Amino acid sequence: MDISTFVQQMINGISLGSMYALIAIGYTLVYGVLRLINFAHGDIMMVGAFVAYLAQNAGIPFELAVILAIIAAMVTGILTDKIAYKPLRNAPKISLLITAIGISFFLENLFNVLFGGVPRAFSAPDYLTKIIHYDGIIVPVTVIIIPVVTLILLFIILWILNKTKYGMAIRSLAFDIPTVKLMGINADIIIMLVFAIGSALAAIGGIFYAVSYPSIDPLMGVIVGLKAFAAAVLGGIGSVAGAVIGGFILGFTEIVVVAFMPDLGGYKDAFAFIFLILVLLFKPTGIMGQDLDRSRF
Amino acid sequence: MILELKNITMQFGGITAIDDLNFGVKTGEIYGLIGPNGAGKTTLFNIVTGNYTQTKGTVVFNHEELSGVKPNEIVLRGIARTFQNIRLFKSMSVLENVLIGFHHQANYTYFESILRLPRHFSNEKKIKKEAMILLEKFGIADLADTNSSSLSYGNQRKVEIARALATNPRLLLLDEPAAGMNPSETEDLSNIIKKIKTEFGLTILLIEHDMKFVNQMCDKVLVLDYGEQIFEGKPSDAIVDEKVVAAYLGDFEHA
Amino acid sequence: MKIIKLLMLSVAILFLIFAQNNLDPYTVSILNNIAIFGILALSYNLINGVAGQFSLEPNGFVAIGAYVTALLILPASSKIDMFALEDPAPIILAMHTSFLPALLMSGIVAAVLAFILSIPVFRVRGDYLAIVTLGFGFIIRIFAMNQTKYTNGAMGLNDIPDNANLLWTGGIIIVTFIVMLNVIYSKYGRAMKAVRDDEDAATAMGINTFWIKTYAFMTSAFFEGVGGGLMASLLTTISPDQFTFLLTFQLLIIIVLGGLGSMSGTLIGAVLVMGGTEWLRFLDQNMDIFGYNTGAHPGLRMVVFSILLIIMMLFARRGIFGNKELTDMFKRGKK
Amino acid sequence: MKKITTIAASVALIASMSYAKEVKIGVVLPITGPLAAFGQTSNDGLKIAYAQNHTLKNGDTVKLIVLDDRGDKVEAATAVKRLINKNHVTAILGEVASSNSMAMAPVAEKAKTPMLTHASTNPRVTKGKKFVTRACFIDPFQGAIQANYAYDHGYKTAVIVTDAKQDYSVGVSKAFKKAYEKRGGKIVGRVIINSGDKDFNAQVSTIKAKHPGIVDFTGYYPEAALMVRQARAVGVKAPFIGGDGVGFPELIKIGGKAAEGFMYSDHFDEAAATSPVAKAYVKAFHAKYHKATDSMGALAADGYGMILAAMNKCKDPTDKICVNTNLRATKGYQGVTGVININKNGDAVKSGVVRVVKNGKFAYLTTVNP
C-alpha cells in the first residue's frame, strides 16, 4: 500500500466518520435528556434526505431544499416526541422504546407506500460533486466540506449547551426533570428543543449522505441509524463530544477493515461491533461517558 | 470484637472521604455511627459490605479479613444491611421480598426447580414458613401478600429489616432506620430492633441522625466529621463533646 | 389447582392434535407461527422482562439454533449437493442426528454460547448492555454469512427435512411456558426479579447477580435455539438474512405488548402480533372488487400495523398484562 | 367442519356452472421491506400484463391476488398457504429472492399447486420439485454469459465483486469464475461488498491497485451505481460488467456519467424486443409509467403469461395438476423476454442479452443463446 492510497483511505474515513457523528449527536442529545434510545432517529435522517429530494424535484433550488428538509425533519422529530414519547414520560422506558420502533416502522412504511421502495437518484449542485485531484490523491469536495461543516456544527452545539440559558437547561435536564421544573424552566420546551436540534442534525447528515452516495430509499436510515447509535454508545452516550469521537472511530474502523484486510470485507459490519464491544469491556460506559444509572445515587 | 476496621482510608478521585479510621464493634453491641451529612458514614457501610474497595486499611469480620470478598459473599459470611433510602423490590410482595433473603437457605438447584422435583417443594415450604414467622415477629404477617411498594413508610422499613434478617446475619448494618418516621413509629421500631437483637443474637451497627433514638439504642457511638473520627464513646457523652457540637453546628450552618 | 392445571394441559394437547389433523394448512401455519414466535418471545421475556436485562441478541441465538438443527437433520448427500460456494467442512458432513436430538443440540449450543457471552455482556449495564447484545446478534449473523464452509453463506440451506409440525411447535411452547413459570416461581425466578428491581439490593441479600443473570440468559438462549431449530424445519430453508435485528424487534414488540415479565401476556402478545399482521392483510387488498386487488396502496398493512402498535403502547403502558401472570389474577380473584 | 366445506364447495361448483368462472392466481412479492424495489417493479410489470389479458380462452376471468411478504421467509411461506387454502388459487407466481422462493416451494409442492417464480435464479429453487417452475435463466448461465462476453472482447484479467449478503451475487460470482477461468481468463482479485453499504472507497482503491482488464460486478444496482461512481472517481478505468441485478434505470440515474460503459447480462432488452408480445408490453408500459422497462417487470409479465397459457391448454383451467403439467411442458412460449422453453428441471431455457449504458441510456449489445 503506497502513501497516497493510505492518505486516500484516511480521508475517506474522516468523511464517513463525520456523517456518523452528525447523526450520533442526535441520539446522544435525546438520550441525555430522556434516557431513550430514539430508534426513529435514523428514519428522521431519511425524511430529511427525501424532503430535499422531493423539493428539488419540484424545482426548488438545492439550498432552499436543504432548509426545507431541515425544517421538515425538525417538525417530524418534534411531532414524534409529542405523539409517541410525551404521553409516556412516566411509563417504563421500554414502552417508549416500542413506540420509537413503531414510529420507525411507520416512517419507513409510509414512505414506501407513498414513494415506492425503488432507490432514487439524489442530485446535488456541481460545487458539491466536484472532485479535486491532488498529487495522485482524489478528493471529492464533499469529503472536505462534510468534516468542516460537522466541526462547525459541533462547536455551535457545544456553545449552545455550555453558554446559553437553554443549553444549560438541556444539561440540567439530563440529570433530573423534576428539578428543572422547580427551577421554573419549561421542561417540555427544552425537550422540544432537543428534538429539533437532533433532527436538524440528522437531516443535514442525511443530505450529506445523499450527496456522497446519491441514492435514497425509505430504508436508508436503518443501517446508518444503527451505526450512528453504536457510535454514540462507543463515545459514551449522553456526551456530545463522545458521539463525534465515536462517529470518527467507527468510520475509520470500517474503512480500515475493508482497505487493509480486503478478504475480511464481508465482516466489515461485525468489526464495527467487535470494536465497540472491546471498548465497552474496558470502559463499560464508553469513551467519554459516565454511568448515568449509577451516578444517580 | 466481631468487626474491626483498621486504618481505613477511602479516596474518590483525590478527595478523601474517610481518613485513617480505626474502630471495633464488640459482639452483641449496638454501635452507632453519627455525624453530619457527607461525613462518610454510608461510605463506611459500603466498605464493610464490599461495595467499595477501600484505598487503604483492612476490615476484619469474625477474625477473617474481608478485602477482596465480593459483596454477595460478605452477606453469606454474616453481614446484612439496609439502605438509607429504603430499597425494597418494588414489584414483589412483602413475602417475596423476605424470601429473597432466604435465597441461600433454600437448597435446590436450578434444574430441580425447572423439573419441580420434591426438593423444590420441601425447601420452598420450609422457607415460606420461616419467612412468615419472621414477618410475624415484625407484626406484618397480615401484609405478606401485599405489594411492597404500597406499604406505609414504617412498614417498608420493617420489611427491609426483616429481609436483611432473613439472610441469617450476625452483624446487621442499619442505615438511618428511623429516618422519615413519626415518633410512634420510631418507638415501635426501636422496640423491634431490641427484640430481634436478643432473639437472633445480633450485633448491630447503625447510622442515625435522630439523637434521641441513638441515645436510647446505642451502647457506643462513633462520631465522624469529613471522614475523620472525632469521638468514640457513650452516646450521652457525645452530645456534650465540644468537637461533636461544633461539627453539628457547622453542618447546620451549611444547610 | 393442580387438577385445573392438568385439565388445561390436556385441553391444549387435544386441541393441538385436533388442529394438526383437521384445520387447513393456512390456519395451521398461523398457529405454527404463533407457537414459534411464542417460544422465542417467552424465552426472550425471561432475560428481558423477568431478569430486567435489556438485551437485543435473540436473533443471534435463533440463527444458531436454526443452523445447528438444519445441519444436523440434513443428510450428508444433500449437503454436498447444496454447498455451492465451498465444499462443506468435514464436521458438517459428519454431523447427523434425528430431529429431537437436533433440537436439543440447538438449545445446548445456544446456551453454551450464552454462557461464554455472559462474561463480557454482564460487565455492562442498561443501554450499554443493549448495544453489546445487539452487536452480538449482528456478529453471529455476519459469521453465518461469511463462514461458507459451515453455513453455505448467503445462499443459505434448503430442503431441510420438514419434521416439525403443530404438535412439535405446540408441544414445545407448552414445555417452554411451563419451564418459564417454574423458573419464575422458584428462588431463582425471585432472584431474577430482585435483580431487575434493584441489583444492588439483590447483592445485599447475598445474591450472586452475575450467576442469576447468566441462568436467565442461558435458559433464554436454550429455548431460542430450540425455537430456531423448529423454525428451520418448519420453513425447510434458512439463510442469514432472516435473522436480522428486525426479528429481535418483532419479539420485543410481542413481549412489551403482552407485558414485560408476564409469560401469559407474552402468549397474548404473540397471538396479537403474529395473528394481527396476517389479519391486517385485508388492507393490502382493499381493491378486491375491481379484480386486481393489490389495491392502490400495497404496503398499507405495515403502516397501519405501526400505528396500531403505537396506539396500543400509549394505552397499555405496561403492556396488556403488566408483569402479572394469569395465575396471579386467579389468586387475587379468590381473595 | 368438513361437512360445511363440502357444502360450500358444492355450492361454489353449482354457481360456477352457470357463470363464467373466476380463476385465481396468487402472487407473493416483497412489496415492503428491504427487497421492496424488486417486488414493486415486478408488480408494475404484472399490472401491465394483467391489463392486457385477463380472460381465458373459455371465457373465464383471471383474478390476481397479490400478497406482500415483507421480504421475509416466514411471511412468504404463510402467504402461500393463505393463497392455497384460503383463496383457493390455481397457481402461484413469485417470489423474487431465491431464499424466499425456497421457503414457498415446499408448500406449493405439498399442496400440488403449480408455482412459477419469475426471477429466482438460484438453481436449487426448482431442484427436485415437480410443481415449481421458473421463467428466468439460472445463475450459472448468467455467469457464463458475462465470462464469455468479457473474454471474447479482449478482457483477459478480471476482478470479481461479490455481495456477500446476496445469494444471487455469490452464485453468479462463482459461475463467472468457473466459466472465465475455463476460457483462460485470469481472476486477479476479489472484493467483497455488503448490500446496503454506500461507501466503497476502500474496495475501489483495492481494485485500482490490481489493474484488472474488467470488473465483474455481480450484485445489485444500488451498490453497482455507487461503486462505479466511486471507482471512476479514484481513477479505475476498467469497464464493469454485471448481471440482471444491475439493469435498473437507477443505475444510470445514480451512477451518472460514471455508469457509462457499464455492461450487463440481462433477460431482455427493449431494443431487442421484436416480437409483437414484447412490443405491446413495452408500449403499454411506457404509456402507463413513463419510464423505461426493466427486466423484473418483464419477467413477472412473462410468468403471468406462461401461467395463462398453461391454463388455456386445460379443459378446466382450475385443474392444478393439468396447469402444472402444461406449465412444465412449456415450449416455445413467446414472451416479453423472448422465447421460453422449460427443461425437465423446470428451469427456463432462453436467450439472454448483453446491454450497455450508452449516452445515459441502456443500449443493446448482443443476444446470447443458451
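Computed from a prediction, not measured in an experiment: that's the story for all the values here. Note on naming: letters A, B, ... go to the chains in the order of the sequence lines (proteins, then strands), and numbering restarts at 1 for each one.
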Partner chain A: residue of D:A37, D:A225, D:P34 with the largest heavy-atom pair count (under 4.5 Å): D:A37
Under 4.5 Å from any heavy atom of chain A - which part of D:Y221: side chain
Neighbour count above 12 (heavy atom, 6.0 Å) for D:K177 NZ: no
Minimum side-chain heavy-atom gap D:D197-A:K268 below 4.5 Å: yes
Structural part of A:N112 lying under 4.5 Å from a heavy atom of chain D: both
Heavy-atom check, side chain of A:S215 versus side chain of D:K253, under 4.5 Å: no
Heavy-atom check, side chain of A:Y213 versus side chain of D:R229, under 4.5 Å: no
Under 4.5 Å from any heavy atom of chain A - which part of D:V191: neither
Pairwise distance CG(D:N201) to CD1(A:I255) - rounded to 0.5 angstrom: 6.0 Å
Part of D:N194 lying under 4.5 Å from any heavy atom of chain A: side chain
Contact summary for A:P214 and D:L226, nearest pair of heavy atoms: CD-CD2, 3.3 Å
Interchain contact, A:Y209 with chain D, by part (heavy-atom threshold 4.5 Å): side chain
Largest heavy-atom contact set with chain A, pairs under 4.5 Å, which of D:I192, D:L35, D:T162: D:I192
Under 4.5 Å from a heavy atom of chain A, the part of D:T32 involved: both
Set of side chain to side chain donor-acceptor pair (under 3.5 Å) partners for D:D72, sequence neighbours left out: none
Spatial distance of atom CD1 (A:I216) from atom CD (D:E250) [nearest 0.5 Å]: 11.5 Å
Heavy atoms of other groups near D:K237 NZ, more than 12 under 6.0 Å: no
Chain A contact via D:A233 - which portion, at a heavy-atom distance below 4.5 Å: both
Heavy atoms of other groups near A:K130 NZ, more than 12 under 6.0 Å: no
Structural part of D:Q203 lying under 4.5 Å from a heavy atom of chain A: both
